[in-house]
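Take a look at the structure below.
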Amino acid sequence: VIGTVLPRAETFDYIVVGGGSAGSIIASRLSENSHVSVLVIEGGPSHENEVDLTIPYIYPRTFHSRFDWNFTTVPQPNLNNRAPIYPRGHVLGGSSSINGMTLNRAPASDWDKIASHTGDRSFRWENILKYIKKNEGFNRPPNTREYANSYDTSVHGFNANKIGNTLVTDGNWISEPSLGAASEVGISHVGDVNGGYPVGISWQQFSTKGGARSSAATEYLNARILKSRPNLKVLLNSFVTRLLPTAGSNLRFTTVEYRDASGATVTATARREVILSAGVMATPIILMRSGLGPRAHLQANNITTVLDIPAIGQNLQDRIGAAAVWMVNATDTDDDIDRDTAVFNKWMDQWNHNRTGRLTQMSYRQMIFGRVPNNASIFSTMQDPSSGPTCPHYELYPANKWTSPTSPRPPTGHFVTMNIFVSASNVRGTVTLDPTNPLTGNPVIDPKYLSSEWDRYVMRDAIRTSARYFNAPSWKKWNATPVFDTSILNDDDALDAWVSSAVFGGVHGVGTARMGPTNSPPGQDVVAPNFKVKGVSGLRIADTSIFPFVINGHTMGATYAIAEKVSDLIKSGN
Ligand SMILES: Cc1cc2nc3c(=O)[nH]c(=O)nc-3n(C[C@H](O)[C@H](O)[C@H](O)COP(=O)(O)OP(=O)(O)OC[C@H]3O[C@@H](n4cnc5c(N)ncnc54)[C@H](O)[C@@H]3O)c2cc1C
């Protein structure tokens, strides 16, 4: 059942706040039991029949659209005071409906680190894998060239009605120099990026199915499911302002206040629990508006503190990216798809005809995860913040076209862009209330990008590695030529200055309602390993905000895994 306004008398066992990547899965799993009633309150519209959310290649059209909350960060001093965009999905399926569809899981050692941090072994890689598989429908695209050692079936799930995970194995021109150059500069081949040990070069996997986006909404809250479950209701275009203590106890948070699609401010109360899944930005904001958060900050915004939880809105971690562009003499890059309508229309016709061709995926074929060398000078002053020797410090992601968002594409020429991400960042930023409008204003996002020497060091090392890769023999045939001044590579200060101008921010934020051990001191962490908010009752959080530290890969897959896990916990009465 889908709607925009709720009949007042209706009550539910569970209310899920935010029908996003995690929320869609949780609502769907809980309502598998027809005796349990579930309400989802989602701020955005439906994903159904929206072409920009369906055709993988054109996904950037969703930025700045009605499907994006359109957040920006505060000006970042280390980015020449630029304030990058911080896109978040404002639609059923949340960010999984607008994201780039790169399907990674955190490396095995990240999960093991979460387990040791929380004291809960069920987060260990070998234990979380069952939730990863439960969520997945792995498939190879049909009729494409098979590359040796490009996937490992033992780490995948094969569930037809779950998130499609499609391996890229097509022989686009870029694959040969990409794999060849990696091997020439000593980057090892990884049989499956999602096998838990991603350091090296591997074939990309995308959350697509049959040439179209496969999201938490398309698989878990699609029209078929919504129609067949009278016990599941989804309210769209309904903005949750805060949670209210439920009558009888000021520490039981099972009442949700929201502004419905008619503009009325109303409440709904769950008989059992509220699950807050509004994402890394909105979850801490909703908690703070509810009187849960750092006391001084709440006071400054005229909000009465119900429980002082200093960790809320703190510990924001992300993976920033920068784009370094190289010109090539190949003619089969994706640049012409973007700048020549006739070329785009040709591929569009093919997609419309049978959902095949270039628009079924993004401009990526391989991805490289790397580490700075063990003997790097940075380790004399700084501890390695990564989760261990098999955890990446950075990611290199070559795109078969010009993708730099900080400089416009030239009208002619063909390009390869190396997207460079810092993975194991040790920067921690904040998300706070808008002091001019604490109840409905946008989150004030300060990720403190590049504020640590570690992040700057990793960025430099990654860029230099990418230059070695493009200078390797396999790229000679394609005459790979940098579009930036390579003299910066020999000068740390010049490289830092280039990075400041080229970084485009992050989209993999975590940590603003972080999970900690059951018995950690009050306020240090927000949720316990069972996802329950510490110190209050009736409330769990399940979304990217709970991860205690940066996920060293793209975050969607890890979010799906915890959504499956929390659903299981709730269903089994834990
Ligand atoms: C542009 C972009 C590209 C990305 N690319 C990739 C990628 O290629 N691979 C990858 O793994 N990860 C990617 N990510 C990151 C990944 O998508 C997110 O980390 C993940 O989906 C977050 O899941 P979530 O459940 O925490 O939040 P979301 O999926 O964002 O869900 C939150 C939901 O809550 C709703 N909501 C928020 N506030 C309110 C409110 N006040 N009232 C009611 N509803 C509310 C939102 O509308 C949304 O539906 C990308 C993200 C973006 C934005």
Side-chain angles (χ1 to χ4, degrees), residues 22 103-133 135 155 190 192-200 280 311 314-320 369-372 374 376 378-379 382-395 421-429 452 454-455 457-458 506 508-521 524-531 534 541-566 569:
L103 191 49
N104 283 174
R105 309 147 180 184
S109 58
D110 274 9
W111 291 107
D112 294 349
K113 186 174 169 184
I114 296 174
S116 66
H117 170 78
T118 56
D120 184 334
R121 291 183 58 81
S122 66
F123 286 98
R124 283 187 64 80
W125 169 250
E126 66 269 22
N127 299 326
I128 205 75
L129 204 49
K130 77 171 176 203
Y131 292 115
I132 293 172
K133 289 183 179 179
N135 168 261
V155 294
V190 176
D192 193 310
V193 69
N194 282 324
Y197 302 91
V199 173
V280 68
Q314 304 297 301
N315 305 306
L316 171 65
Q317 289 209 281
D318 211 329
R319 302 169 69 243
I320 50 160
F369 282 107
R371 286 179 60 81
V372 302
N374 290 340
I378 187 82
F379 293 125
M382 208 164 266
Q383 253 196 330
D384 181 355
S386 78
S387 57
T390 57
C391 172
H393 290 143
Y394 61 80
E395 175 187 334
F421 299 90
V422 174
S423 243
S425 168
N426 66 1
V427 169
R428 285 187 150 77
S452 136
W454 167 259
D455 281 42
Y457 189 96
V458 173
H508 295 140
V510 301
T512 51
R514 74 174 177 197
M515 183 180 279
T518 307
N519 56 1
S520 61
Q524 181 177 298
D525 304 298
V526 184
V527 295
N530 58 8
F531 300 84
K534 292 166 157 230
I541 301 174
D543 56 28
T544 29
S545 66
I546 66 99
F547 288 107
F549 44 77
V550 71
I551 291 298
N552 290 293
H554 299 233
T555 35
M556 164 177 56
T559 311
Y560 287 159
I562 59 124
E564 293 284 5
K565 187 176 197 305
V566 78
L569 281 171

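Looking at heavy atoms from C-beta onward, S386 lies out of side-chain contact with P392 at the 4.5 angstrom threshold. Residues F421 and I320 are not in side-chain contact: their nearest non-hydrogen atoms beyond the backbone lie 4.5 Å or more apart. N315 has its side chain out of reach of T512: every pair of non-hydrogen atoms, C-beta onward, lies at least 4.5 Å apart. The shortest side-chain heavy-atom distance between L103 and M556 falls under the 4.5 Å cut-off. Residues Y197 and V190 are not in side-chain contact: their nearest non-hydrogen atoms beyond the backbone lie 4.5 Å or more apart. Between D525 and P517, some side-chain heavy-atom pair lies under the 4.5 Å cut-off. Side chains of V422 and R319 form no contact here, defined as non-hydrogen atoms less than 4.5 Å apart. The shortest side-chain heavy-atom distance between S423 and H393 does not fall under the 4.5 Å cut-off.
D112 is linked by a salt bridge (charged side-chain N to carboxylate O under 4.0 Å, His left out) to R124, counting only residues two or more places apart in sequence or in another chain. Not counting sequence neighbours, the partners of N194 by the side chain to side chain contact (heavy atoms under 4.5 Å, CB included) test are N104, R105, H156, N165, D192, Q205. Shown here are the side chain to side chain donor-acceptor pair (under 3.5 Å) partners of S545, two or more places apart in sequence or in another chain: D543. Judged as a side chain to side chain contact (heavy atoms under 4.5 Å, CB included), and not counting sequence neighbours, the contacts of S122 are D120, K565. The salt bridge (charged side-chain N to carboxylate O under 4.0 Å, His left out) check on R428 picks up nothing, with sequence neighbours excluded. Residues meeting the side chain to side chain donor-acceptor pair (under 3.5 Å) test with K113, sequence neighbours left out: none. The side chain to side chain contact (heavy atoms under 4.5 Å, CB included) check on K133 picks up L129, with sequence neighbours excluded. Every residue meeting the side chain to side chain contact (heavy atoms under 4.5 Å, CB included) condition with S452, not counting sequence neighbours, appears here in chain and number order: N426, V427, W454, D455. With sequence neighbours excluded, the residues forming a side chain to side chain donor-acceptor pair (under 3.5 Å) with Y131 are D568, listed by chain and number. Scored by the side chain to side chain donor-acceptor pair (under 3.5 Å) test, S109 finds S387 as partners (sequence neighbours excluded).
Looking at every heavy atom in both residues, V193 comes nearest to P198 through O-CB, 3.7 Å. Nearest approach of V526 to A311, heavy atoms of both residues: CG2-CB, 3.8 Å. Of all heavy-atom pairs between A106 and I551, the closest is CB-CG2, 3.8 Å. Annotation for T559 and A22: closest pair CG2-CB, 4.0 Å, computed over non-hydrogen atoms. Nearest approach of A542 to I562, heavy atoms of both residues: C-CD1, 4.2 Å. Looking at every heavy atom in both residues, M515 comes nearest to H117 through O-NE2, 3.1 Å.
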I would like to know whether T518 and K534 meet side-chain hydrogen bond (donor to acceptor under 3.5 Å, both in side chains); could you show each step before the answer?
CA-CA 8 Å; T518 307; K534 292 166 157 230; over 6 Å; no
Please determine whether side-chain contact (heavy atoms from CB on, under 4.5 Å) holds for the pair R514 and Q524, giving the CA-CA distance in whole Å, both sets of side-chain angles, and the decisive distance to 0.1 Å.
CA-CA 9 Å; R514 74 174 177 197; Q524 181 177 298; 3.8 Å; yes
Between V510 and T555, does a side-chain contact (heavy atoms from CB on, under 4.5 Å) hold up when you go through it step by step?
CA-CA 8 Å; V510 301; T555 35; 4.0 Å; yes
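Here the side chain of T118 pairs a donor or acceptor atom with the backbone of I114 at under 3.5 angstrom. Side-chain atoms of R371 do not come within 3.5 Å of backbone N or O of V199 as any donor-acceptor pair.
Atom CD1 of I132 sits about 4.5 Å away from atom CH2 of W125, to the nearest 0.5 Å. Residue D110 holds its CG atom at 12.0 Å from CD1 of I128, rounded to the nearest 0.5 Å.
Inspection of the H508 and Q317 side chains reveals no N or O donor paired with an N or O acceptor under 3.5 Å.
Ring geometry, F123 versus F531: the interplanar angle falls from 30° to 60°, so the pair is classed tilted.
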